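One structure below.
No experiment lies behind these values; they were computed from the predicted model shown. The chains referred to below are lettered A, B, ... by the order of the sequence lines, with proteins before strands, and numbering in each begins at 1.
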There are 2 protein chains.
Amino acid sequence: MSKGPKQAIYSEFATVARALGSQHRLEMLEHLAQGERGVEALATRVGLSVANTSQHLQHLRRAGLVASRRDGKFVLYRLADIGVLGLMASLSAVAARNLAEVERIRLAYFADRDGMEPVSREELLQRTRDGLVTVLDVRPADEFAAGHVPGAVNIPLGELEARLAGLDPDREVVAYCRGPWCVLSFEAVAALRARGYTARRLEDGLPEWQAAGLPLERGTFEGGR
Amino acid sequence: MSKGPKQAIYSEFATVARALGSQHRLEMLEHLAQGERGVEALATRVGLSVANTSQHLQHLRRAGLVASRRDGKFVLYRLADIGVLGLMASLSAVAARNLAEVERIRLAYFADRDGMEPVSREELLQRTRDGLVTVLDVRPADEFAAGHVPGAVNIPLGELEARLAGLDPDREVVAYCRGPWCVLSFEAVAALRARGYTARRLEDGLPEWQAAGLPLERGTFEGGR
DNA sequence: CAGACATTCAACATATCACTTGAATGATGT
DNA sequence: ACATCATTCAAGTGATATGTTGAATGTCTG
């Protein structure tokens with residue numbers, strides 16, 4: 001089929017790239033970056049049928065992007081390699097820099113981006129050391145339990161309005177979620193600002209925090225439910 | 001079509017990834033990393049028809065991976081962004097780490113890889129400063145003319161046997177070509193070793209050298225044809 | 001302006017991909 | 001062993017991608 005080793009190698013690379021070439025699979029990778037997930041749990045989160053999700057996962061596995069293990073009757077998938085996060089970061093960087101459409105969507109959705117300047121990881125570390133900010137994790141409770149920024153408070157976005165009492169209005173809030181393109185923290189910041197809070201986003205999500213070698217805190221699964 | 005901004009953004013990212021998801025387009029990007037090229041010149045190099053090449057290029061352009069400009073009756077394409085090289089590097093890193101097939105091809109083709117340990121850029125810089133090595137650029141003369149490692153000698157692979165006289169047998173030769181997956185330098189090293197030379201490959205090719213911010217030398221188009 | 005030439009477009013055949021549905025597999029627990 | 005449940009497989013349909021061919025576009029040259 002292919003003439004030389006170069007063709008064969010590039011053909012393999014193309015397989016990996018094709019596996020990334022689907023909106024749904026990219027979204028699945030974002031979720032898997034939060035931690036292991038079973039097929040059905042993933043299917044629910046990305047809004048696809050179980051069978052379809054399973055096939056996408058196998059596509060990703062053939063491309064070497066995810067790995068799986070069996071645990072009882074569940075098959076748990078995870079990113080095959082921390083490098084997959086870096087690959088997605090490169091992909092988004094190139095797309096954001098060269099596709100006008102990406103910038104257009106950002107502006108259209110996040111109208112008041114002037115005040116949205118994200119907080120860098122270094123800045124957040126500095127300010128938590130100084131005790132100046134409340135770190136807010138707006139992901140679902142199970143993702144929080146699997147690992148979060150040390151000292152962070154978990155209020156899933158859907159419960160934010162109901163649990164505002166847990167947030168000191170006099171402290172700046174820095175919210176984060178799954179990654180640089182996850183909308184949860186954007187919406188949390190918008191909601192908090194509407195209530196008079198001083199709030200900003202962390203530049204990336206938890207997976208990037210972890211990939212940067214910064215410490216995680218686990219457990220502390222307060223909420224039940 | 002897509003529900004939220006996240007879906008829309010990921011859909012754009014997927015477009016970029018799909019553009020990378022073709023053996024031929026990846027090969028075209030490797031060539032464009034050497035410098036601007038017209039459609040027909042590229043078509044010849046990758047072995048595709050002109051019309052087909054043109055369509056692939058437009059696919060790449062829509063994905064923001066290449067840009068073009070008109071020069072007389074030629075349309076010259078180039079990488080849109082130096083980040084595209086980084087994206088390809090991430091892609092190949094993930095593929096090499098997670099796909100057994102990639103390693104298999106490497107081993108099958110480059111049987112004696114033990115002695116093939118590549119030279120790093122830093123090591124090459126050090127050894128050229130010390131005057132210990134001949135740097136050999138085995139790419140075609142026009143690519144050499146568009147930019148090469150300072151002090152390098154250009155002997156296109158096809159002319160290597162005929163021009164061995166130009167290489168001092170007592171100096172180590174470090175050969176490089178288009179990139180980490182370009183076979184020219186592998187074959188040059190094998191040929192030189194068969195003739196008794198001490199020869200090794202540079203770990204990457206010229207585009208990576210340039211991307212690392214190292215100096216280039218231009219012109220010196222000695223050979224004519 | 002006419003001819004030459006590089007590139008792009010349009011239309012087509014073939015192959016691959018995405019998603020659905022319903023059945024098959026494989027591990028668990030009674 | 002049997003029933004249960006998560007996951008995977010298989011088959012089918014509509015959509016998308018690839019590569020070919022021949023014509024159209026647009027720019028330079030004479």
Side-chain angles (χ1 to χ4, degrees), chain A residues 1-3 7 10-29 31-32 36-63 65-78 142, chain B residues 1-3 7-8 10-29 31-32 36-78 142:
Chain A
M1 182 128 314
S2 47
K3 298 164 193 165
Q7 277 72 18
Y10 274 133
S11 175
E12 295 297 314
F13 292 176
T15 299
V16 178
R18 261 197 307 275
L20 290 172
S22 145
Q23 175 196 349
H24 291 141
R25 285 194 292 268
L26 288 173
E27 210 176 330
M28 290 166 70
L29 289 173
H31 283 284
L32 292 178
E36 291 185 316
R37 287 250 168 269
V39 179
E40 186 169 1
L42 246 182
T44 306
R45 277 177 158 80
V46 299
L48 296 177
S49 75
V50 172
N52 194 5
T53 302
S54 174
Q55 289 179 183
H56 279 302
L57 284 168
Q58 284 167 69
H59 198 150
L60 288 168
R61 182 166 50 193
R62 259 176 272 130
L65 293 171
V66 308
S68 63
R69 71 181 177 91
R70 183 144 212 142
D71 177 33
K73 42 172 133 179
F74 298 86
V75 175
L76 299 180
Y77 284 85
R78 63 181 181 279
D142 60 337
Chain B
M1 182 134 308
S2 46
K3 299 163 197 169
Q7 276 72 18
Y10 275 135
S11 174
E12 295 297 313
F13 293 175
T15 299
V16 178
R18 260 196 308 275
L20 289 172
S22 144
Q23 175 196 349
H24 291 140
R25 285 193 291 268
L26 288 173
E27 210 175 331
M28 290 167 68
L29 289 173
H31 283 283
L32 292 178
E36 290 185 318
R37 288 248 167 272
V39 178
E40 186 168 2
L42 246 183
T44 306
R45 278 177 159 79
V46 299
L48 296 177
S49 75
V50 171
N52 194 7
T53 302
S54 173
Q55 288 179 185
H56 278 303
L57 284 167
Q58 283 167 68
H59 198 151
L60 287 169
R61 182 166 48 194
R62 258 176 273 131
L65 293 170
V66 308
S68 64
R69 72 182 176 89
R70 181 143 215 145
D71 177 34
K73 42 171 127 178
F74 296 86
V75 175
L76 298 180
Y77 285 85
R78 63 182 181 279
D142 60 337

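Listed by chain and residue number, nothing satisfies the side-chain hydrogen bond (donor to acceptor under 3.5 Å, both in side chains) test with Q55(B) (two or more places apart in sequence, or in another chain). The ring-ring contact (aromatic ring centres under 6.0 Å, His included) test applied to F13(A) returns Y10(A), W181(B), not counting sequence neighbours. Partners of R70(B) under the salt bridge (charged side-chain N to carboxylate O under 4.0 Å, His left out) rule, at least two apart in sequence or in another chain, do not exist in this structure. By the side-chain hydrogen bond (donor to acceptor under 3.5 Å, both in side chains) test, H59(B) pairs with R25(B), sequence neighbours left out. Applying the side-chain hydrogen bond (donor to acceptor under 3.5 Å, both in side chains) criterion to R61(B), with sequence neighbours excluded, gives S68(B). Partners of H31(B) by side-chain hydrogen bond (donor to acceptor under 3.5 Å, both in side chains), not counting sequence neighbours: none found.
With hydrogens and angles disregarded, a donor-acceptor distance shorter than 3.5 Å links the side chain of R18(A) to the backbone of G21(B).
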Compile the donor-acceptor pairs under 3.5 Å between side chains in residues 41-51 of chain B and protein atoms, sequence neighbours left out, one pair per line.
unit_1 : atom_1 : unit_2  : atom_2 : d
T44(B) : OG1    : E40(B)  : O      : 3.0
R45(B) : NE     : E143(B) : OE2    : 3.0
R45(B) : NH2    : D142(B) : OD1    : 3.1
R45(B) : NH2    : D142(B) : OD2    : 3.1
R45(B) : NH2    : E143(B) : OE2    : 3.3
S49(B) : OG     : N52(B)  : N      : 3.1

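Counting heavy atoms from C-beta on, the side chains of L20(A) and L29(A) come closer than 4.5 Å. No side-chain heavy atom of L76(B) sits under 4.5 Å from any side-chain heavy atom of R37(B). Within the 4.5 Å cutoff, the side chain of E12(B) has no heavy atoms near those of the Q23(A) side chain. Side-chain contact between R69(B) and V75(B) is absent, with no heavy-atom pair separated by less than 4.5 Å.
In this structure, R61(B) places its CZ atom 13 Å from C1' of dC9(C), rounding to the nearest Å. One can place CG of L76(B) at 11 Å from C1' of dA6(C), the figure rounded to the nearest angstrom.
One end of the helix from dC1(C)-dG30(D) to dT30(C)-dA1(D) points its axis 30° away from the other end's axis, with each axis taken from 5 pairs and the angle rounded to 10°.
Just one of L60(B), L65(B), L57(B) meets the side-chain contact (heavy atoms from CB on, under 4.5 Å) condition when paired with Y77(B); it is L57(B).
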Check your understanding: Can you give one letter per nucleotide of nucleotides 14-20 of chain C, 5' to 3': B if a protein heavy atom sits under 4.0 Å from the base, S if only from the sugar-phosphate, - if neither?
Key -> ---SSBB
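Contacts between residues 66-74 of chain B and DNA chain D, defined by a heavy-atom separation under 4.0 Å, are made by R70(B), G72(B).
For DNA chain D, the contact window with chain A, defined by any atom under 4.0 Å from a protein heavy atom, covers dC5(D) to dA10(D) in 5' to 3' order.
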